[in-house]
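As the structure is a computational prediction, the values presented were derived from the model and not from experiment.
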Amino acid sequence: MGSVKVEPFGTLPDGRPVHAYTLQAGGLTAVLSDYGCRVLRLLVPDRDGKPGDVVLGHRTLPEYFGSNYQGATIGRWGNRIGGARFQLDGETYTLNQNDGENSLHGGPGGFHQALWEAECEDGDEPQVRFTLDSPDGEEGFPGALHTTVTYQLTAQNALKITYQAQSTRRTPYNPTNHSFFNLSGDPAKTVLDTSLTINAQRVTAVTDGLIPTGELLHVADGPLDFRSPKKLGQDMFAQDHLIQLCGGFDHNFCTDGQGYRKIAEAYEPESGRVMEVFTDMPGVQLYTFNRPEAGLTGKDGKPMGPHTAFCLETQFYPDAVNHESFPGGILEPDEAFASVTAYKFSNR
């Protein structure tokens with residue numbers, strides 16, 4: 001039988017209380033927060049049965065303030081929108097810039113900074129359902145958006161994330177989760193030895209500002225070829241322009257297949273932990289925490305180091321709202337948006 005426990009997790013500057021929600025089921029423990037609808041901790045057993053926290057994060061609530069995406073739900077638009085603007089139905093919409101001239105992860109006041117409503121449900125597969133109402137025009141996006149994100153621990157040892165939304169107007173919508181994974185359970189250890197497979201033949205070509213050009217590039221035999229298991233460190237420092245520019249990986253992979261399917265698998269040889277990623281989204285962003293901001297401190301009280309985590313953010317392609325050839329990304333007012341991503345754990 002699973003369980004849900006609710007505890008205080010600090011107070012926002014305006015006095016609103018923030019909570020931590022602990023889910024336990026099978027071998028997994030997930031600690032979530034209504035601030036940013038985020039994952040604070042995710043305890044997963046290693047091959048010896050010892051639980052370890054496989055997501056990076058912080059000790060206190062204030063450390064998550066600002067442009068901190070650790071574990072957060074991202075919206076309305078995960079990743080970048082070029083020039084912080086787009087056209088829809090003949091009208092140009094201007095968004096708040098927070099990545100040079102671009103909009104990143106929904107803007108400075110995105111979902112990661114919001115306090116969500118929470119509803120808990122015990123059971124064999126316990127869950128917390130978070131809801132948020134984003135008003136028409138927030139961060140420049142059209143339409144009043146009602147969105148729900150449900151975290152559930154499943155009988156298959158997975159953290160399942162279900163996204164649902166409805167809007168009063170046509171609007172871009174591209175939610176994702178931005179957990180920083182380290183399957184060793186040691187936040188000081190790099191992920192260079194973590195083996196990764198991504199079922200993708202192509203990636204989106206981008207400018208130096210990481211905005212897609214519209215071209216899709218084949219990964220075959222290059223540093224972005226993860227079609228077979230490969231250690232992240234093997235090509236993380238390859239003589240490739242974009243990899244050198246980013247200091248590691250920060251790429252959108254156009255994953256194979258359609259519908260809900262397995263798109264990736266990560267394996268950490270020291271701990272034995274395996275994480276499989278399932279989603280119905282067409283893309284996934286691989287990011288390897290290349291240059292942590294100065295001053296970020298982990299749960300161990302130590303400064304966060306480069307390449308101590310990897311992110312696999314399931315998504316529509318970056319800037320899809322400005323590329324007619326890219327799939328999805330526009331929510332119609334008469335549609336109910338629904339998408340599922342799951343991170344399933346085992347060991348070997």
Side-chain angles (χ1 to χ4, degrees), residues 56 69 74 77-82 99-100 102-105 174-183 190-257 261-267 275 277 279 281-292 306-323 325-329 341 343:
L56 269 55
Y69 305 112
I74 303 300
W77 189 272
N79 217 305
R80 293 167 174 83
I81 293 180
D99 180 55
N102 307 315
S103 171
L104 174 66
H105 291 333
N174 184 23
T176 192
N177 177 270
H178 210 314
S179 287
F180 288 66
F181 293 102
N182 186 323
L183 299 182
T190 72
V191 295
L192 300 183
D193 287 336
T194 297
S195 177
L196 181 65
T197 307
I198 301 178
N199 300 329
Q201 312 288 327
R202 297 178 298 176
V203 295
T204 48
V206 295
T207 67
D208 285 0
L210 302 186
I211 303 302
T213 64
E215 183 184 5
L216 303 182
L217 302 177
H218 288 275
V219 301
D221 303 320
L224 301 179
D225 191 347
F226 284 94
R227 294 174 298 171
S228 299
K230 181 175 70 173
K231 288 187 176 182
L232 282 168
Q234 179 175 325
D235 288 319
M236 190 180 288
F237 311 102
Q239 294 302 312
D240 171 89
H241 174 71
L242 192 63
I243 290 175
Q244 291 288 315
L245 182 70
C246 294
F249 297 112
D250 195 357
H251 298 72
N252 171 66
F253 289 76
C254 309
T255 54
D256 300 341
R261 67 218 184 274
K262 179 177 174 178
I263 62 158
E265 178 175 313
Y267 168 63
M275 183 178 79
V277 185
T279 191
M281 283 295 208
V284 65
Q285 188 84 8
L286 170 63
Y287 172 58
T288 47
F289 204 23
N290 302 318
R291 299 185 180 105
H307 307 131
T308 53
F310 65 93
C311 303
L312 289 171
E313 305 156 63
T314 59
Q315 61 182 3
F316 293 119
Y317 301 169
D319 201 36
V321 69
N322 287 314
H323 296 271
S325 62
F326 287 179
T341 290
Y343 299 93

Residues at least two apart in sequence or cross-chain that pass ring pair (Phe, Tyr, Trp, His ring centres under 6.0 Å) with F326, listed by chain then number, are Y317, H323

Would you give me the side-chain donor-acceptor pairs under 3.5 Å for residues 212-224, sequence neighbours excluded?
unit_1, atom_1, unit_2, atom_2, d
T213, OG1, E215, N, 3.2

Query raised in the report: Angle class for the F180/H178 ring planes (parallel below 30°, perpendicular above 60°, tilted otherwise)?
Result: parallel

Original post:
Under 6.0 Å between ring centres, would you say that holds for Y69 and Y287?
Top reply: no

Near-ring test H307/F237, centroid separation under 6.0 angstrom: yes

Is it the case that the side chain of Q285 and the backbone of L312 share a donor-acceptor pair, with hydrogens and angles ignored and the cut-off at 3.5 Å?
no

Result for side chain to side chain contact (heavy atoms under 4.5 Å, CB included) between F226 and one of V203, L232, T197 points to L232

Flag, side chain of S195 to backbone of P229, donor-acceptor distance under 3.5 Å: no

- prompt: Ignoring hydrogens and geometry, is there a side-chain-to-backbone donor-acceptor pair from R291 to C246 under 3.5 Å?
  reply: yes

Would you find a donor on one side and an acceptor on the other, under 3.5 Å apart, between the side chain of N182 and the backbone of V191? no

Exercise. Check whether any side-chain N or O of T176 sits under 3.5 Å from a backbone N or O of T314 as a donor-acceptor pair, and report yes or no.
Key: yes

### Task
Assess the side chains of E313 and N79: does a donor N or O sit below 3.5 Å from an acceptor N or O?
no

Short question: side chain of Q315, backbone of M281 - any donor-acceptor pair under 3.5 Å? no

Closest non-hydrogen atoms of L192 and K231, given as atom of the first, atom of the second and distance, are O-CB, 3.6 Å

Ignoring hydrogens and geometry, is there a side-chain-to-backbone donor-acceptor pair from D225 to R227 under 3.5 Å?
yes

